[in-house]
Amino acid sequence: LVTDLDERAVRFAIDRMEDLESKWSRFRDTSEISACNRRAGEWTEVSPITRELIQRSVDAYERTAGRFHPLMLRALIDHGYDRPFEQLDPPDGSELAGRGRRRHAVDEPIVVDGDGICLPAGSAFDPGGIARGLAADVVVIDLIEAGARWVVFSVGTDQRIAGSAVAKRGWPVEVGDPWRPTVPWGKAQMHSGALSTSSTLDRRWHHRARDVHHILDPRTARPSRGPRVAAVAHASEAWWADVVATCLVVDPQLGAGSVAEWGAVAIVFHETGDVVELGWKAEWSSPVAA
């Protein structure tokens with residue numbers, strides 16, 4: 001977190017993130033998301049911010065024609081993501097899993113009505129990256145409303161900036177090399193909005209004698225195996241940038257036209273090492289050669 005407010009802003013951001021974690025974590029039995037998953041097929045009352053998260057997920061599913069799917073949690077657990085990532089077995093270099101139990105996401109609608117949420121029976125909601133992005137948006141908006149002239153806030157691979165001061169002078173953002181996470185691929189100035197990275201190379205683990213990763217293709221409920229290994233999206237809000245980046249990895253047919261219709265620009269990294277800009281005309285400085 002970087003802002004022109006004092007240290008109280010940092011404390012506020014920490015407290016706000018802890019509150020969101022308590023409501024949204026699928027690894028906490030007491031969270032509102034866990035309650036919704038336990039009661040799938042029944043109504044569950046949730047807080048306004050959790051309702052917003054789920055409504056955003058419904059909107060993303062509809063806007064991306066199902067390329068983003070919020071009900072992939074059971075499939076993700078089938079692939080071994082049943083506890084925090086830090087507790088999973090590290091990858092061992094074996095072939096990426098392409099077989100295994102096939103379970104599609106439930107395509108019945110999530111119903112949002114007032115303070116109530118009803119997930120389809122047999123389904124389970126995965127907050128995942130969209131929750132990370134929305135958390136960044138929420139904290140930044142709260143701090144701007146509290147009087148900050150500018151704020152830069154990162155949650156994992158999602159970054160949101162806002163404010164008149166940073167809009168004027170810009171903020172340097174760095175895109176990492178997907179194959180070498182500690183090495184920057186390039187840098188550019190960002191004046192507003194959000195940046196999100198989605199990659200099949202970073203969250204990988206070992207399960208049932210094979211390596212797997214966390215980006216599932218809703219069409220197969222299996223780890224994505226397309227030619228794109230990573231995508232970086234720039235959009236007005238972090239939750240939406242996260243959705244766009246994930247969809248670009250899942251569906252290699254998505255190009256600049258689709259990204260533009262979604263109000264975003266992006267960069268995609270291919271397994272061959274090629275890098276393609278989709279509507280992103282930033283002047284990248286100090287790129288590292290592949």
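Side chains included, hydrogens not; waters and symmetry mates left out as well; all remaining heavy atoms used.
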Taking the side chain as everything from C-beta on, heavy atoms only, tell me whether [X] gets closer than 4.5 Å to [Y].
| X | Y | value |
| --- | --- | --- |
| Phe269 | Val232 | yes |
| His79 | Pro223 | yes |
| Tyr61 | Leu71 | no |
| Phe68 | Ser57 | yes |
| Ser164 | Trp150 | no |
| Ile54 | Ile33 | yes |
| Arg67 | Pro218 | no |
| Leu134 | Trp24 | yes |

* Asked: Do you reckon Ile14 sits in the same ILVMFWY cluster as Met17, going by side-chain contacts under 4.5 Å, direct or chained?
  ->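 Cluster IDs for Ile14 and Met17 match.
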* Same apolar cluster: Val259 and Val249, side chain cutoff 4.5 Å ->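 Hydrophobic grouping puts Val259 apart from Val249.
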* Apply salt bridge (Lys or Arg N to Asp or Glu O under 4.0 Å) to the pair Asp19 and Arg16, showing each step before the final yes or no. => CA-CA 5 Å; Asp19 177 64; Arg16 188 69 156 127; 3.8 Å; yes
* In sequence, state the C-alpha distance, the side-chain angles, and the governing distance for Ser224 and Asp217, and then conclude on side-chain hydrogen bond (donor to acceptor under 3.5 Å, both in side chains). => CA-CA 5 Å; Ser224 170; Asp217 186 335; 5.5 Å; no
[atom1]/[X] to [atom2]/[Y] distance, rounded to the nearest 0.5 angstrom?
| X | Y | atom1 | atom2 | result |
| --- | --- | --- | --- | --- |
| Arg26 | Asn37 | CZ | CG | 9.5 Å |
| Ile117 | Arg39 | CD1 | CZ | 12.5 Å |
| Arg8 | Leu143 | CZ | CG | 12.0 Å |
| Leu254 | Glu261 | CG | CD | 10.0 Å |
| Arg225 | Arg222 | CZ | CZ | 9.5 Å |
| Gln159 | Thr197 | CD | OG1 | 9.5 Å |

* To do: Given salt bridge (Lys or Arg N to Asp or Glu O under 4.0 Å), test Lys23 with Glu32 step by step and report yes or no.
  => CA-CA 5 Å; Lys23 290 181 170 66; Glu32 293 180 346; 5.4 Å; no
Do you know which two heavy atoms are closest between [X] and [Y], and how far apart they sit?
| X | Y | result |
| --- | --- | --- |
| Gly279 | Val265 | O-CG1, 3.2 Å |
| Ala238 | Ala136 | CB-CB, 4.2 Å |
| Ser25 | Ser31 | O-OG, 2.6 Å |
| Ala266 | Leu248 | CB-CD1, 3.4 Å |
| Val46 | Cys36 | CG1-SG, 3.6 Å |
| Asp158 | Gly133 | OD2-N, 3.0 Å |

* Aromatic ring proximity Trp280/His234, centre distance under 6.0 Å ->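 Yes - the distance between ring centres of Trp280 and His234 falls below the 6.0 Å cut-off.
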* Step-by-step salt bridge (Lys or Arg N to Asp or Glu O under 4.0 Å) determination, Glu52 to Arg56 -> CA-CA 6 Å; Glu52 180 178 355; Arg56 300 274 190 183; 3.0 Å; yes
* **With His270, the side-chain contact (heavy atoms from CB on, under 4.5 Å) member among Val275, Val229, Val276** =>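 That would be Val276; it is the only one of Val275, Val229, Val276 passing the side-chain contact (heavy atoms from CB on, under 4.5 Å) with His270.
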* Pick out which of Asp142, Val166, Val140, Ile161 makes a side-chain contact (heavy atoms from CB on, under 4.5 Å) with Val151. =>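 That would be Val140; it is the only one of Asp142, Val166, Val140, Ile161 passing the side-chain contact (heavy atoms from CB on, under 4.5 Å) with Val151.
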* Mark yes when over 12 heavy atoms from residues, nucleotides or ligands other than Arg169 sit less than 6.0 Å from its CZ; otherwise mark no. =>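 Counting other residues, nucleotides and ligands, CZ of Arg169 exceeds 12 neighbours.
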